[in-house]
Amino acid sequence: MTDIEKTAGEGAGKSAGEGPAAPAGGPEAIRAVPVRHYGRYISALIAIGILVAIIYAFSQGRINWHAVPEYFFDHRITTGVYKTLMLTVLSMLIGIVGGIVLAVMRLSKNPVTSSIAWFYIWFFRGTPVLVQLFLWFNLGLVFEYINLMPLYKDYWSNFMTPLLTALLGLGLNEAAYMAEICRAGLLAVDEGQTEAAHALGMSHGRTLRRVIIPQAMRVIVPPTGNEVINMLKTTSLVAAVQYPELFRYAQDIGQNSGAPVEMYFLAAAWYLIMTSVLSVGQYYIERHYARGSSRQLPPTPWQRVRANMFSLGRPKGAVSA
Amino acid sequence: MTGKLSKTQDTPPRGAVPMVRAQGVHKSFGHVEVLKGIDLEVRPGEVFCLIGPSGSGKSTFLRCINHLEKINAGRLYVDGELVGYRQQGDKLYELRDREVAMKRRDIGMVFQRFNLFPHMTALENVMEAPVQVKGVNKAQARERAMQLLERVGLADRAGHYPSQLSGGQQQRVAIARALAMDPKLMLFDEPTSALDPELVGDVLDVMRDLAESGMTMVVVTHEMGFAREVGDSLVFMDEGVVVESGHPRDVLTNPQHERTQSFLSKVL
């Protein structure tokens, strides 16, 4: 630690002495002994200690770590990953479309539609997804068969496949949350924007599409990104209604191969990878909708790397010059 | 209506249809009566200034002209046509949103707080309505938008977003945006009140230039200098009624009414 302090001190001294910020004739640059934050050292030590103890415990546990890489790209696992992603995408689509419809209903001047939307949101936000999934699965007790007269007719139990149960359960629940997010986004846009658009002769629909929604997106996108990540994790619940996805496959392999706990770790690793990728995607989408709201768009990680490369190169040039 | 930018006429032809005609216009928000019977006429090609203390109802009246606010009583006509309603016999029928939008095309409006679309560049702001509402093709709209930005002195800022422009620049873009629809009437709602003092001049210059081109303008303003120099008519409003009206020079230098006198003594 003392080494680090020393080099850091040297580095600081150098840059202060050679930096272009301090002209030769100007006042002398301040060199003061910095305040020592002993509390920080102590808390860092404690945290590191605890971390090491946890890692040690895991490495000593009776866990066969080799099983994880062995099954990491097993075709059942990759199928599970694919199905988890598909479930996430489809149920988010249902959620977003439903959410927009519900948000518009909720904001409409028609008291009937707005109270129906209110009731929907009240019900789906107020009950656990897992319970909703089981309800959908067993709705055959209420509707013995489904009859879409000319198109389709079948027993509910045949119609309500695990996939459909999963999609409806996750999607309809999500719609309630997305409705609140969309509503907040629409309300966040300044009223003057609507007035300006109307004053230009734009219709309600066009105002919504061209002016309000693009601005609402800035408010809607960040929480929606969180919802997608949440959804990806929540899909693991549908294992309970017999739909095979990543978690379910991992469980199956675990029971057959005699490495159940290892497979949980494997699943966790896959979930982490997927959510990490999604977070990166979210960053770029947010950046896209930040257009015009901030004077300068935040740099992409790649731009940041390039900028840092330049700033690293500059002092060298200054020294040689 | 094609945009008729005739040369300045000091005295518009007698008997021409007034651009705006208000007869006993009343407007309430809940129990608060904001307009208590406004009667006035704006002739084509004239610059009509509305002054008065805040809360006097002048902005509300302006917003009634393009039906952003619905009036409760009286009649309001723009270019001879009833605003927001259709009259058949004795009955009034409310216009559909689409019909109201149709009429608003001919009325440009400039807001105190600019209300530019923040997610579009200056150029896109000006192009938006012609492309979306009138269906002008993009290349033409772009060319026209550039001309308008040139006219307000901001051609070099075409690619900037509103957040990258100063208040005065934003307001000039907003004027260009309204002009892009070739309106026959322009409404200005305290266009310089949200600006730093040194930026006010640029916006007033653009408005003066517009007035000289013959545009009919209704201007709610606190800029007495502008009203005196550019205005053709001036109305002083207080507490929802027209207190005094006449030529700006007469009203501003020689106010007849006591309330006008006390207001002017505070602002001049």
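Just so it is clear, the structure is predicted and the values come from calculations on it, not from any experiment. Just so we're on the same page: letters track the sequence lines, and every chain starts at 1.
Between chain A and the residues B:L116, B:L187, B:I107, the largest count of heavy-atom pairs under 4.5 Å involves B:L116. Between chain A and the options B:M181, B:E128, B:H67, B:H160, the largest number of non-hydrogen pairs under 4.5 Å is found for B:E128. Annotation: maximal heavy-atom pairing with chain A below 4.5 Å, among B:K103, B:R113, B:R177, occurs at B:R177. Among the candidates B:D97, B:V100, B:N66, the residue making the largest number of heavy-atom pairs closer than 4.5 Å to chain A is B:D97.
Contacts between B:F117 and chain A at a heavy-atom distance below 4.5 Å involve backbone atoms as well as side-chain atoms. Contact of A:R206 with chain B is made through the side chain alone, with heavy-atom distances under 4.5 Å. With a 4.5 angstrom heavy-atom cutoff, B:A101 touches chain A via backbone and side-chain atoms both. Of the two parts of B:R63, only the side chain, counted from C-beta on, holds a non-hydrogen atom closer than 4.5 Å to a non-hydrogen atom of chain A.
Using a distance-only test at 3.5 Å, with no hydrogens or angles considered, a donor-acceptor pair links the side chain of A:Q282 to the main chain of A:P222.
Between A:F119 and A:W122, the ring-plane angle classifies as tilted under the 30° and 60° cut-offs.
Looking at B:K70 and B:E94, a side-chain N of the basic residue comes within less than 4.0 Å of a carboxylate O on the acidic one, giving a salt bridge.
At a threshold of 4.5 Å between non-hydrogen side-chain atoms, the residues A:Y177 and A:M231 do not count as touching. Contact of the A:M274 side chain with the A:L85 side chain is registered, since non-hydrogen atoms from C-beta on lie closer than 4.5 Å. The shortest distance between side-chain heavy atoms of A:Y82 and A:T84 does not fall below 4.5 Å. Under the 4.5 Å side-chain criterion, counting only non-hydrogen atoms from C-beta, B:V78 is in contact with B:L185.
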> Between B:L179 and B:L210, does a side chain to side chain contact (heavy atoms under 4.5 Å, CB included) hold up when you go through it step by step?
Replying inline: CA-CA 10 Å; B:L179 289 177; B:L210 193 59; 3.6 Å; yes
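Both the sub-6.0 Å distance and the 45° axial angle are not jointly satisfied by A:R218 relative to the ring of A:Y289.
Chain B is approached within less than 4.5 Å, heavy atom to heavy atom, by A:D190, A:G192, A:Q193, A:E195, A:A196, A:A197, A:H198, A:A199, A:L200, A:G201, A:M202 from residues 184-202 of chain A, ordered by number.
Proximity of the aromatic rings of A:F124 and A:Y120 is defined here by a centroid distance below 6.0 angstrom, and this criterion is met.
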